[in-house]
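Quick note on labels: first sequence line is chain A, next is B, and so on, each numbered from 1. Since the structure is predicted, the reported quantities are computational estimates derived from the model, not experimental observations. Both backbone and side-chain heavy atoms feed into the values below; hydrogens, waters and symmetry mates do not.
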Amino acid sequence: MPELPEVETIRIGLAKLLPDREIADVWHDWQKSFPNAPADVARFMIGAKIKLVRRRAKVLIIELSSEYSLVIHLKMTGQLVLRGKQSFGAGHPTKSLVGELPDKSTRVILDFTDGSKLFFNDQRKFGWMRLLPSVEVPLIDFMQKVGPEPLEDDFTVDRFIERLARRKNSPIKAVLLDQTVLAGVGNIYADESLWAAKIHPSTPVSKVSKPKLVTLYSALRDILKLSIEKGGSTDRNFVDAKGKEGSYLNFAQVFRKAGQPCPRCGTEIVKIRVAGRGTHICPRCQRAPK
DNA sequence: CACTTGACCTGTCCGC
DNA sequence: TGCGGACAGGTCAAGT
């Protein structure tokens, strides 16, 4: 569920909150969430300060003063929430999806010397954290294979079309979700952008007209940007670095709207299955390929 | 090689 | 009220 806008929302929050905090201790309880804890933790985390927080695709990178970095993938249900009076003054959110922390989904806790704590929660345990030398981050398999950032200035419509053409016989939705083609798009933004461009998600890329691909390019970028402005989509349990929900789904047109009228033509939105994913379409605006 | 399906997990919801 | 089963969907490994 955390897709590009959700991970970016967390990054913006952490980039404001974390720098210069010094790690005092690290706790973890799920080995798969943090496979190189605790061996490397004492040497490269305790006593280190947070330098900066970056994002690439759906991955967060927290750089430490020890020249090691935490690389974090939240997968579907991961959360990164900072708590502590130092960070929020008197009134941090009391009612929200996240209550008292730690809770039963807490997998890792970073304790800082000022008393604040960063909680890595992950109900379904798909997420992970890795500690590795900062210089090695760009060399890991994921970074080598991941496609371009769709919101970068140099990501042009021609580049977009050229990337999609790498898998021209696949359903276009599957291609949008392919992280080696394009970074950061997941189920929500694939459905929303395909609806905006009036493209049926099962259409092979080679069968989609050039004008529709151009529309898809603009729609996808606009939707990703709007979602970042709205703090991302809270479908089930996404929250930002302060534990707050995002509001983009109030602006969504088709995602999770089966049975409701298409905002464009009034036809009932239906849920189908494409590329093994639940997929929301307007059957009139997005006609199936022959 | 291109493409699809299954596994990894847990919480929630639906029907009986 | 309890219980089995489907479902949620990011990514990688395994299968066709």
Integer angstrom distance from the [atom1] of [N] to that of [M]:
N      : M      : atom1 : value
C/dG10 : B/dC13 : C1'   : 22 Å
C/dC7  : B/dT5  : P     : 15 Å
C/dG9  : B/dC3  : P     : 23 Å

Exercise for review: Return the nucleotide paired to C/dG9: Watson-Crick means purine N1 to pyrimidine N3 with N6-O4 or O6-N4, wobble means G-U with N1-O2 and O6-N3, both under 3.5 Å.
Suggested key: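 Result: none.
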
Check your understanding: In the strands shown, is B/dC9 matched to any nucleotide by a Watson-Crick or G-U wobble pair with both distances under 3.5 Å, and which?
Key -> none

Give a yes/no on whether any side-chain N or O of [X] is located under 4.0 angstrom from OP1 or OP2 of [N].
X        : N      : value
A/Arg107 : B/dT10 : no
A/His73  : C/dT11 : yes
A/Lys75  : C/dT11 : no

Practice item. For A/Met143 and A/Val137, work out which heavy atoms get closest and say how close. Key: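 For A/Met143 versus A/Val137, the nearest heavy atoms are CG-O, 3.1 Å.
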
Check your understanding: Should the ring pair A/Phe155 and A/Tyr217 be called parallel, tilted or perpendicular, given that the plane angle runs from 0 to 90° and is split at 30 and 60?
Key ->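 Answer is tilted, since the angle falls between 30° and 60°.
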
Point to revise | Pi stacking test for A/Phe126 and B/dC9: under 5.5 Å apart, planes under 30° | key: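 The base of B/dC9 is not stacked with A/Phe126 (the test needs centres under 5.5 Å and planes under 30°).
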
Point to revise | Nearest-nucleotide pick for A/Arg124, side chain only, options being B/dC3, B/dT10, C/dG10 | key: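 Ranking B/dC3, B/dT10, C/dG10 by closest atom to the A/Arg124 side chain puts B/dT10 first.
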
Point to revise | Test of ring centre spacing under 6.0 Å for A/Phe255 and A/Tyr248 | key: no

